[in-house]
Amino acid sequence: MEPDAPAASAVRQGRPDPRPAGDGPVIELRGVTAAYGPGLEPALRGVDLVIPRRGHIAIVGPSGAGKTTLFSLILRFLEPQEGELLMYGRPYREQAHDDLRARLAYVEQDTPVVPGTIGDNLLHAHPGATPEEVRRVLAEVRLADKIDSLDEGLDTPLSGSSLSGGQRQRIALARALLRTPDVLLLDEATAQLDGLTEAAVQDCIRDRARSGAVVTIAHRLSTVIDADTIIVMEDGRIRAAGGHEDLLASDALYRELVKALRIAAPVTADQPL
Ligand SMILES: Nc1ncnc2c1ncn2[C@@H]1O[C@H](COP(=O)(O)OP(=O)(O)OP(=O)(O)O)[C@@H](O)[C@H]1O
Ligand SMILES: [Mg+2]
């Protein structure tokens, strides 16, 4: 190990080391089988998946297909029974949990917020963030004006504030973006969100996918269609993968899922499809 003082101090501030050199995948799953307990049916079976350093992968599949389980494995909330996961080519089991987590950010479906102010919520995973960094991520999720309009600004208690569900989800996204993760894992909210939230989330995904990896569990058609690669899961397996047009042509389950998302999509004047 070469001495590397700047990197060491970066870690103390909650930032991981710079990304390793090379262009190999950031995450890889090799033959991963996982269950939630001994004797339980596997929730994932023999999954192989490569997540490149850049780009947007969207995961779709029926309820119970194993989408959240895949995230749990990547986040190491769950250990595989068979197979292995690698980050930058190194097996998870050789790496400290904190080092793995420092490169990942997770936005959960239900957007949990911690007790406290809006500022507390933004800074809780990254207390060393500067005011400029906070402003930047709030602008990214298009909340800067909203927060400025509140009398107490970032010191507004979140519980008593007049933030909508969509705005809360954007707070959670801003919190994840503050850490500039190597991999952003986003479990999209299933509830209908306002158009501004949808557009803000979509812009953030696009922006982040240019410099890092974004994996979404997509519940909105716009997110699915925007992805570079779409993974179709069923019964704990990856059933198909590809682009939107390819999958429409080749995969019956994908066609069904898209049809359901289309029906659920809000009708707008500029519906692209
Ligand atoms: N905590 C748990 N304990 C036991 N079994 C679980 C647990 N979480 C999920 N499972 C099971 O693992 C399988 C995959 O679940 P998973 O949550 O990954 O599905 P999903 O694709 O995310 O579904 P949804 O779209 O409904 O969120 C299901 O059979 C589910 O019942
Ligand atoms: Mg799920």
Side-chain angles (χ1 to χ4, degrees), residues 27-51 56-85 92 97 100-101 104-113 165-166 168-169 172-173 175-176 181 183-193 197-198 201 205 213-227 229-242 244 247 251-266:
I27 304 274
E28 202 177 339
L29 280 79
R30 292 189 185 155
V32 170
T33 294
Y36 284 92
L40 291 179
E41 277 287 295
L44 275 195
R45 303 161 194 265
V47 167
D48 293 310
L49 179 66
V50 170
I51 303 176
H56 172 198
I57 295 180
I59 299 169
V60 298
S63 183
K67 305 180 297 294
T68 301
T69 304
L70 184 66
F71 273 17
S72 299
L73 282 154
I74 293 172
L75 290 156
R76 215 180 191 178
F77 296 157
L78 189 65
E79 293 286 341
Q81 288 178 316
E82 286 169 36
E84 65 176 355
L85 285 95
Y92 267 36
H97 197 191
L100 292 168
R101 285 303 310 275
L104 307 168
Y106 177 36
V107 182
E108 287 173 70
Q109 196 163 6
D110 298 326
T111 325
V113 288
R168 279 162 196 267
Q169 199 191 34
L173 181 58
R175 177 166 71 195
V183 186
L184 173 64
L185 301 164
L186 175 70
D187 199 343
E188 243 182 7
T190 35
Q192 280 310 335
L193 294 171
T197 296
E198 182 161 344
V201 171
I205 292 173
V214 182
V215 188
T216 59
I217 296 177
H219 295 290
R220 279 191 287 268
L221 192 57
S222 54
T223 311
V224 179
I225 291 173
D226 219 35
T229 305
I230 301 157
I231 306 278
V232 186
M233 293 192 67
E234 184 185 36
D235 289 337
R237 298 179 198 277
I238 293 180
R239 165 192 164 109
H244 175 66
L247 289 170
D251 192 78
L253 175 60
Y254 184 71
R255 278 195 294 276
E256 263 177 55
L257 292 165
V258 165
K259 197 166 147 196
L261 291 178
R262 239 176 229 164
I263 292 165

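Every number for a ligand or one of its atoms is a count from 1 in the order of the listing.
- In summary, of the residues considered (I230, T223, T229), a side-chain contact (heavy atoms from CB on, under 4.5 Å) with H56 occurs for T223 alone.
- Here the straight-line distance linking atom CZ of R239 with atom CG of L253 works out to 4.5 Å at 0.5 Å rounding.
- Protein N/O/S atoms found under 2.8 Å from the Mg ion (ligand 2), listed by chain and residue number: T68 OG1.
- Atom CD1 in I59 sits 10.5 Å away from atom NE2 in H219 (nearest 0.5 Å).
- Note that the CG atom of L29 and the CG atom of L85 stand 4.0 Å from one another [nearest 0.5 Å].
- Considering all non-hydrogen atoms of both residues, R237 and R45 come closest at NH2-CD, 3.6 Å.
- For ligand 1, residues of the protein lying within 4.0 angstrom by heavy-atom distance are Y36, A43, P62, S63, G64, A65, G66, K67, T68, T69.
- You'll find the side chain of D187 stays beyond 4.5 Å of the side chain of E108, heavy atoms only.
- With K67 contributing its side chain and T216 its backbone, the two residues share no donor-acceptor pair below 3.5 Å.
- Inter-residue side-chain proximity for L70 and L49 is flagged as met; some heavy-atom pair is nearer than 4.5 Å.
- Of the possible donor and acceptor atoms, none in the side chain of Y254 sits under 3.5 Å from a partner among the backbone N and O of H244.
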